[in-house]
Amino acid sequence: MRQFWVLALVAMFAIACKGKSTNAVQGEASPTEVQTVQTEQKVYENDYIVQVGDMAPDFELTMDDGSTFKLSDHRGKLVMLQFTASWCGICRQEMPHIEKDIWQRHKDDKDFVLVGVCRRDSLAQAKQLAEGTGVTYHMVLDTDSEAFTKYATAKAGVTRNVLVSPEGKIIMLTRLFKQDEFNQLVKTIDSLLLD
């Protein structure tokens with residue numbers, strides 16, 4: 001009977017240790033264990049994870065009219081991405097200026113695209129934002145911050161603008177609504193489209 005209990009204990013120990021290597025018992029990771037390798041993300045000024053000169057990360061999202069917006073489909077055009085949100089007061093302050101000083105000046109230029117990328121907003125919220133600020137450019141629904149987190153850290157805020165060259169490279173990044181910076185954005189767009 002005693003031998004039975006000894007064999008039972010040995011069997012239970014073997015079952016408990018099954019699949020673990022000697023390394024794992026010693027506190028080191030077993031080759032069979034799944035490990036996540038964290039890559040360090042570079043963060044630049046204003047919590048951007050991209051910088052001027054980088055290729056603009058591609059994304060594909062639904063627009064407020066139900067069509068699809070894919071950034072890379074607009075190669076050959078100057079593209080302005082305005083990251084915004086219905087819950088952002090500074091966005092509401094900036095958007096009428098974008099409408100008046102940029103969109104109304106260049107909306108008929110086939111080589112220019114401007115979209116508001118609505119972070120964590122529903123279609124109804126995006127439409128209310130556009131109506132409330134008087135903008136007529138299209139809103140793109142970034143409900144899960146999928147596009148936003150390709151450009152800035154998840155904790156970063158809006159408003160921010162990304163100007164993308166016809167070749168797909170980032171040529172200007174803005175953050176918040178600073179008049180001097182906004183004036184430079186307008187001047188850059190004018191120089192690229194009117195010259």
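Heavy atoms only: backbone and side chains are in, while hydrogens, waters and symmetry mates are out. The model shown is predicted, which means the values in this text are computed figures rather than measured ones.
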- Determine whether V113 and M80 make a side-chain contact, defined as any pair of heavy atoms from C-beta on separated by less than 4.5 Å. no
- Separation of L192 CG from K187 NZ (nearest 0.5 Å): 12.0 Å
- Message: Is there a side-chain contact between C118 and L129 in this structure, where contact means two heavy atoms from C-beta onward sitting under 4.5 Å apart?
- Response: yes
- Please determine, by modelled atom types, if N161 and E181 share a side-chain donor-acceptor pair under 3.5 angstrom. no
- Query: Under 6.0 Å between ring centres, would you say that holds for F177 and H97?
  - Reply: yes
- Message: Do K77 and P166 make a side-chain contact, defined as non-hydrogen atoms from C-beta onward lying under 4.5 Å apart?
- Response: no
- Task: Start with the C-alpha distance between L61 and T143, add both sets of side-chain angles, then the distance that settles side chain to side chain contact (heavy atoms under 4.5 Å, CB included), and finish with yes or no.
- Result: CA-CA 9 Å; L61 296 170; T143 52; over 6 Å; no
- Tell me, which pairs form a side-chain hydrogen bond (donor to acceptor under 3.5 Å, both in side chains) where one or both residues lie in residues 114-129, sequence neighbours left out? S86-D121, R119-S145, S122-Q125
- Return yes when atom CG of N46 has more than 12 non-hydrogen atoms of other residues, nucleotides or ligands closer than 6.0 Å, and no otherwise. yes
- Query: Near K169 NZ, under 6.0 Å, is it more than 12 heavy atoms from other residues, nucleotides or ligands?
  - Reply: no
- Query: With a 4.5 Å heavy-atom cut-off, do F69 and V117 have their side chains touching?
  - Reply: no
- In Y44, Y48, F83, the residue satisfying ring-ring contact (aromatic ring centres under 6.0 Å, His included) with Y151 is F83
- Give, for atom CG of L78 and atom CZ of F112, the distance between the pair rounded to the nearest 0.5 Å. 6.0 Å
- Message: For a quick test of reading the model, state the closest non-hydrogen atom pair linking P57 to L71 and the distance between them.
- Response: O-CD2, 3.5 Å
- Enter the distance from R160:CZ to T84:OG1 here, rounded to the nearest 0.5 Å. 12.0 Å
- Message: Do T133 and E99 pair up side chain to side chain, a donor and an acceptor below 3.5 Å, judged on atom types alone?
- Response: no
- Message: Do K150 and F59 make a side-chain contact, defined as non-hydrogen atoms from C-beta onward lying under 4.5 Å apart?
- Response: yes
- Query: Atom CG in L194, atom CG in D109: separation rounded to 0.5 Å?
  - Reply: 8.0 Å
- Message: Going by the rule side-chain contact (heavy atoms from CB on, under 4.5 Å), which residues pair with I49 if we only count those two or more places apart in sequence or in a different chain?
- Response: Q41, V43, T153
- Query: T159 and side-chain hydrogen bond (donor to acceptor under 3.5 Å, both in side chains): which partner among R92, E94, Q93?
  - Reply: E94
- Query: What's the shortest heavy-atom distance between A147 and D142, and which atoms?
  - Reply: N-OD1, 3.0 Å
- Heavy atoms, side chains only, cut-off 4.5 Å: are N183 and D101 in contact? no
- Hey, could you give me the NZ/OG1 distance between K155 and T149, rounded to the nearest 0.5 Å? 14.5 Å
- Message: Hydrophobic clusters here meaning ILVMFWY residues chained together by side-chain heavy-atom distances under 4.5 Å, can you tell me if V115 and V158 are in one?
- Response: yes
- Any luck finding a side-chain donor-acceptor pair between Q184 and D180 under 3.5 Å? no
- Query: At their closest point, which heavy atom of L193 faces which heavy atom of D111, and how far apart are they?
  - Reply: CD2-O, 4.0 Å
- Across all chains, not counting sequence neighbours, the salt bridge (Lys or Arg N to Asp or Glu O under 4.0 Å) partners of D190 are R105
- Message: Minimum heavy-atom separation for Q82 and I98, please, with both atom names.
- Response: CG-CD1, 3.5 Å
- Message: For a 4.5 angstrom cut-off between non-hydrogen side-chain atoms, does L81 reach L163?
- Response: no
- Could you tell me whether the side chain of Y137 reaches within less than 4.5 Å of the side chain of D64, counting heavy atoms only? no
